[in-house]
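This report concerns only the one structure given below.
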Amino acid sequence: MSSIASSSKGKRKLNLMKKLSVLIVANDDISQNSYILCLQNFGVDTLGVRDGLMAFNIHDKTQMRFDLILMSSNMPMMDGIEATKKLRSMGITTTIVGITTPDDNEEYHKKFMEAGLDECYEKPLTKEILQSLIEKIANKV
């Protein structure tokens with residue numbers, strides 16, 4: 001179980017039984033950096049990559065594994081749908097949460113979910129959504 005404790009600087013730090021790691025796959029630097037900062041404030045290890053091909057290669061060519069993958073929908077080289085399908089075909093069972101844009105239509109959202117997402121949100125992800133995702137993951141491990 002996890003719980004929330006406030007630090008003296010007002011940052012929310014989650015008391016996690018295990019150090020969690022999150023892969024953030026997004027080519028939008030502003031969103032990626034804000035997610036990284038927020039998750040690090042929760043005490044989570046993060047790694048950010050710019051596209052789905054990089055996410056696939058990390059899993060294919062290294063032994064790195066993550067507790068959560070935040071996957072943007074639209075990226076160069078390999079989009080979120082293709083990257084999610086490839087990760088699932090490799091046997092990756094990590095929770096993958098899709099991040100769509102307001103421009104993504106309902107059909108695209110459906111295809112993204114069918115690719116193997118566990119959940120999907122429209123960006124930007126708020127601090128509360130990120131906290132909720134980390135708490136769910138912490139309760140699974």
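Here the structure is a predicted model, which is why all the values come from computation and not from measurement.
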Grab the two heavy atoms, one from [X] and one from [Y], that are nearest each other, plus how far apart they are.
X: M71; Y: G80; value: CG-CA, 3.7 Å
X: M78; Y: A83; value: SD-CA, 3.6 Å
X: N27; Y: N74; value: OD1-O, 3.3 Å
X: L87; Y: A55; value: CD2-O, 4.1 Å
X: G52; Y: M75; value: N-CE, 3.6 Å

Return the [atom1] to [atom2] distance between [X] and [Y], rounded to the nearest 0.5 Å.
X: L68; Y: L130; atom1: CG; atom2: CG; result: 8.5 Å
X: Q40; Y: N33; atom1: CD; atom2: CG; result: 9.5 Å
X: S31; Y: I99; atom1: OG; atom2: CD1; result: 7.5 Å
X: I134; Y: D67; atom1: CD1; atom2: CG; result: 8.0 Å
X: M77; Y: F56; atom1: CE; atom2: CZ; result: 12.5 Å
X: N139; Y: E135; atom1: CG; atom2: CD; result: 7.5 Å

> How would you list, by chain and number, every residue that makes a ring-ring contact (aromatic ring centres under 6.0 Å, His included) with F66, sequence neighbours excluded?
Replying inline: H59

Hphob cluster co-occupancy, [X] + [Y], side-chain heavy atoms under 4.5 angstrom:
X: V22; Y: Y35; answer: yes
X: I96; Y: Y121; answer: no
X: L117; Y: L125; answer: no
X: L37; Y: I24; answer: no

Between [Y] and [X], is there a side-chain heavy-atom distance shorter than 4.5 Å?
X: R65; Y: I92; answer: yes
X: L20; Y: L39; answer: no
X: Y108; Y: I81; answer: yes
X: F112; Y: D104; answer: no
X: I129; Y: V97; answer: no

> Any luck finding a side-chain donor-acceptor pair between K140 and T95 under 3.5 Å?
Replying inline: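 Yes, side-chain donor-acceptor contact under 3.5 Å.
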
> What's the verdict on side-chain contact (heavy atoms from CB on, under 4.5 Å) for L70 and L133, showing C-alpha distance, side-chain angles and the deciding distance?
Replying inline: CA-CA 10 Å; L70 299 178; L133 290 169; 4.1 Å; yes

>> For residues 69-94, which residue pairs pass the salt bridge (charged side-chain N to carboxylate O under 4.0 Å, His left out) check, not counting sequence neighbours?
In response: R88-D118

> Which pairs pass salt bridge (charged side-chain N to carboxylate O under 4.0 Å, His left out) with one or both residues in residues 40-57, sequence neighbours excluded?
Replying inline: K19-D45, D29-R50

> Are E107 and K111 close enough for a salt bridge, meaning some N to O gap below 4.0 Å?
Replying inline: yes

> Checking S132 side chain against E128 main chain: does a donor-acceptor pair fall under 3.5 Å?
Replying inline: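 Such a contact is absent between S132 side chain and E128 backbone.
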
> Can any side-chain N or O of Q32 pair as donor or acceptor with the backbone N or O of V49 at less than 3.5 Å?
Replying inline: yes

>> Before you tell me yes or no, could you show the steps for M64 and L47 under side-chain contact (heavy atoms from CB on, under 4.5 Å), namely the whole-Å CA-CA distance, both residues' side-chain angles and the distance that decides it to 0.1 Å?
In response: CA-CA 11 Å; M64 292 180 75; L47 176 64; 3.7 Å; yes

